[in-house]
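Below is one structure, written out as C-alpha cells; comments come after it.
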Amino acid sequence: MESLIGLVNRIQRACTVLGDFDGEGAAALPALWEALPSVAVVGGQSSGKSSVLESVVGRDFLPRGSGIVTRRPLVLQLHQIEEGQPEYAEFLHLPNRKFTDYSLVRKEIQDETERLTGKTKQISPVPIHLSIYSPHVVNLTLVDLPGLTKVAVEGQPDSIVQDIENMVHSYVEKPNCIILAISPANQDIATSDAMKLSREVDPTGERTFGVLTKLDLMDQGTNALDVLEGRAYRLQQPWVGVVNRSQADINKNADMIAARRREREYFATSPDYSHLANKMGSEYLAKLLSQHLESVIRAQIPSITALINKTSDELEAQMERIGRPVAVDEGAKLYTILELCRAFDRIFKEHLDGGRPGGERIYGVFDNQLPAALRKLPIDRHLSIQNVKKVVSEADGYQPHLIAPEQGYRRLIEGAIGYFRGPAEASVDAVHHILKEIVRKSIGEAEDLRRFPTLKAELAAASFEALERFREDGKKTTLRLVDMESSYLTVEFFRKLPQEVDKGGNPASASAVDRYGEGHYRRIASNVSSYISMVMETLKISIPKAVVYCQVRESKRSLLNHFYTQIGRKEGKDLGKLLDEDPALMEQRQQMAKKLELYKAARQEIESVSWSR
C-alpha cells in the first residue's frame, strides 16, 4: 500500500511538472503546494549538512567542495521500493533518463546548477528536483537549501549573505514546513546559524528537529549530552546525533552502507552516548522524520482535501466561463456557431427592448434631437418679407397674380419643406450609430464569443452590413415622407384661411386691395408658416415611425438573416476557421484542464490512501 508520503511526493512532482517553477520558486499550483508538508534541511556552510543527506540516502551523490556548494535548492524525494528491485535516480528535468551511477547524478546536479548560475558562486531560488528509488531509504521528501554564511567570498555579490537567508526563510517560514536544523557538535550551539534561523520562524520549537553532526570530532573529555538531552537548547521535537564519514572516507569513496554500520557501532560503544544509541544515527533520523512527516500529512488531510475541493470547484467554474473545447464534426461546429449567433442576437434585442441599457437612446433621438433640429431650421429667414416678396414676384413672372399668388405659395411651401430633409436624414444616421454601438456592446457581452475572434469579427461585419442596408431603406422612406408633403398640399388648410376684406367689411376686390403692400406679404408669410408648422408636427410623428419600421424593427427581425444564409453554405473547413480560438485562451484552457485533472486525481488518491489506513 502506498504511503501518504509517497502520495504527497507524487502530487508535488505533478504540481511541478504541470507548470515548473518560476524564478521565485513558486509552483504552478501554489495553493496545493503550500498545503503539502515538507522537510527543509538548514545549516551553515561546513556544518555537515550534505553528509547527513547522503547518510540518509545511503549514497554519495552530492557535489562537494569549499565555499558554497549547494547554490540551488534540491528537492530530494525518496521512494522506498521492494528489496531486489533495481535502484535508480531520476531528475524531473530529465524525466526519461534513469541514473544508476551516482557520480553522474552528482555531475548532473552541478551541470543543472551552472545552467542557471553559470560557473560562478551565484545562487538561484529555482529548485532542482531529484527522486531516488531504493530499498535502503524510507519514504521522505527533503529540501536541501544553500548553507548559511556570514561573509561574501570572492566572486560573490555583497548581498549573498542576505540573499541566502531570504531564500531559506521563504521555505522555513511556511507553517507546514518541518525544519531539520543541522549544527556541528564541535561548535557552541549558541552560535549555530541553523538554530538562530529556526528560532526566528519557529520560536516554540514545534516544527524543528535538531541534528548534531561531528560528535566524533569533539575535544577529548567533552560531549554533547546537554544538547542531545534537551537541557542546553530545548525543542519540542527530539535532538538526534549523527556521525558522518570522515574526509578520508569521502576521498576513498567509502561504502555508505558500511559507514552506517560504523555509525551504529560508534553510538553503541560510546561511553557518553550508549544509553541513547537507539535514538541516534542517520538511520534513526530518517525513520523519525518519515514517521513525523506522515503524521503531519495525516493531520493535514482534511484541510488538504477541503482545499482541493474548493479549488476544483473554482476551476470548474472558470472552465465554464471560458467554454469547453469545440467539437470536431461539421454538424457540431454549425450548431455551435448558430448558438453563439443566437446568444448575441438575444443580447442585442434585450438592449433594444429595455432588458439592457441602450434602447432608450433611440427614443432620445425622436424626443430630443429631431424636435431640436426642426426648431433650428431657417424657416423664419425663408419667410422673411423680403424673401416672400422675392419668391412671389419670381413665381408671377411677367404677369402679376390676379387674386392670390398660388405659385408663390407653392414655391414658398416647397422650399420650406425641403429643409426637413436634413433632420430626417440626421435621425436615420443617429439611430444607425446607436444600433452599431449596441451591436459592439452585445458582441462584447456575449462571453462565449470572446473565445472565437474570427467569428466575432465576421459577426460584427455582417451586422454592420445589415445595418447599412437598413439605413439606406430608412433614408429612402423618411425622405419620401418629406417629398410627399411637397408633392401634394392640403387644400382644406388654405380654404379655411380668412379672406382679405375691404374697409366696409366685404370681401375685397382685386382693385380695392394693395396686393403688393407689406401687409399682403406678411399675411402670405403667416399663412405659409402655419402650414409648415402643421407639416412639421406631422413629420415629428411620421419620421420616427419610418425609422423604427425600417431600422429598429428590421434589425430585430433580420439582422443576421444574410449571415445565416452564408453560414449554411460553408463547408466544415470554413466553419472550423470561424471557430479558431485565441491561442492564449486555448493554452489557458489546457492548463486549467491539467490542473483540474491533477486536483481530482489527488483527491481520489488521498481519500483512497487515508481510508485504507
Side-chain angles (χ1 to χ4, degrees), residues 3-13 15-16 21 25 27 33-34 36-44 47-64 69-81 89-92 102 105-106 109 112-113 125-134 136-148 167-168 170-174 176-183 194 197-198 202 207-211 213 237-238 240 242 244 256 260 281-297:
S3 71
L4 286 173
I5 295 175
L7 175 61
V8 168
N9 283 353
R10 292 203 300 111
I11 295 174
Q12 287 175 329
R13 285 174 63 83
C15 288
T16 311
F21 279 71
W33 182 273
E34 295 285 343
L36 299 174
S38 60
V39 180
V41 185
V42 181
S47 62
K49 183 164 57 68
S50 296
S51 294
V52 171
L53 287 173
E54 289 183 331
S55 294
V56 168
V57 174
R59 288 289 183 177
D60 188 354
F61 69 98
L62 291 173
R64 292 183 177 275
V69 178
T70 304
R71 292 185 285 126
R72 287 177 61 181
L74 175 67
V75 179
L76 178 61
Q77 295 181 329
L78 307 181
H79 305 263
Q80 189 178 52
I81 58 177
E90 186 178 48
F91 287 95
L92 189 63
Y102 282 85
V105 172
R106 182 188 307 112
I109 293 174
E112 180 62 14
T113 298
V126 181
I128 299 171
H129 291 259
L130 172 64
S131 291
I132 293 179
Y133 299 82
S134 169
H136 307 299
V137 300
V138 295
N139 290 307
L140 189 60
T141 298
L142 300 163
V143 182
D144 184 23
L145 296 168
L148 299 165
M167 184 196 301
V168 176
S170 70
Y171 281 85
V172 300
E173 67 187 2
K174 298 170 185 174
N176 288 329
C177 178
I178 299 166
I179 304 170
L180 191 63
I182 311 293
S183 303
L197 187 66
S198 69
D202 182 30
R207 298 188 284 120
T208 302
F209 284 79
V211 178
T213 62
Q237 308 299 337
V240 178
V242 298
N244 300 325
M256 293 294 298
R260 283 182 178 178
S282 55
E283 288 181 288
Y284 173 76
L285 174 63
K287 291 177 183 177
L288 178 66
L289 287 174
S290 180
Q291 292 170 359
H292 182 75
L293 183 57
E294 183 146 350
S295 68
V296 171
I297 293 171

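Here, residue 1 is the first one in the sequence, and each next residue gets the next number. The figures that follow rest on heavy atoms only: side chains count, while hydrogens, waters and symmetry mates do not.
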Any sub-3.5 Å donor-acceptor pair from [X]'s side-chain atoms to [Y]'s backbone N or O?
| X | Y | result |
| --- | --- | --- |
| S290 | A286 | no |
| R207 | I178 | no |
| K49 | L145 | yes |
| Q237 | G210 | no |
| R72 | E112 | yes |
| R260 | S282 | no |

How far apart are the C-alpha atoms of L62 and L74, what are their side-chain angles, what is the distance that settles it, and do they pass the side chain to side chain contact (heavy atoms under 4.5 Å, CB included) test? CA-CA 10 Å; L62 291 173; L74 175 67; 3.6 Å; yes
Audit row: L289, L142, side chain to side chain contact (heavy atoms under 4.5 Å, CB included) steps and yes/no: CA-CA 10 Å; L289 287 174; L142 300 163; 4.3 Å; yes
How long is the span from the [atom1] atom in [X] to the [atom2] atom in [Y], to the nearest 0.5 Å?
| X | Y | atom1 | atom2 | result |
| --- | --- | --- | --- | --- |
| Q291 | N139 | CD | CG | 12.0 Å |
| L180 | S38 | CG | OG | 11.5 Å |
| L140 | L288 | CG | CG | 10.0 Å |
| I179 | E173 | CD1 | CD | 10.0 Å |
| S131 | Q77 | OG | CD | 4.5 Å |
| D144 | L130 | CG | CG | 10.5 Å |

Where is the tightest heavy-atom contact between [X] and [Y], given as atom of each residue plus distance?
| X | Y | value |
| --- | --- | --- |
| V42 | A194 | O-CB, 3.6 Å |
| L53 | F61 | O-CE2, 4.4 Å |
| P146 | T70 | CB-O, 3.1 Å |
| S170 | M167 | OG-O, 2.5 Å |
| Y171 | P125 | OH-O, 4.2 Å |
| L293 | P37 | CD1-CB, 3.8 Å |

Could you tell me if the side chain of [Y] sits less than 4.5 Å from the side chain of [X], heavy atoms only?
| X | Y | value |
| --- | --- | --- |
| I128 | F91 | yes |
| V57 | L76 | yes |
| L92 | V75 | no |

Go through V240 and Y284 one step at a time and tell me if the side chain to side chain contact (heavy atoms under 4.5 Å, CB included) criterion holds. CA-CA 8 Å; V240 178; Y284 173 76; 4.0 Å; yes
Measure up the Y133 and H79 rings against each other and bin them: parallel (under 30°), tilted (30 to 60°), perpendicular (over 60°). parallel
Report the C-alpha separation of L78 and V56 in whole Å, then their side-chain angles, then the decisive distance to 0.1 Å, and conclude whether the side chain to side chain contact (heavy atoms under 4.5 Å, CB included) test is met. CA-CA 10 Å; L78 307 181; V56 168; 3.9 Å; yes
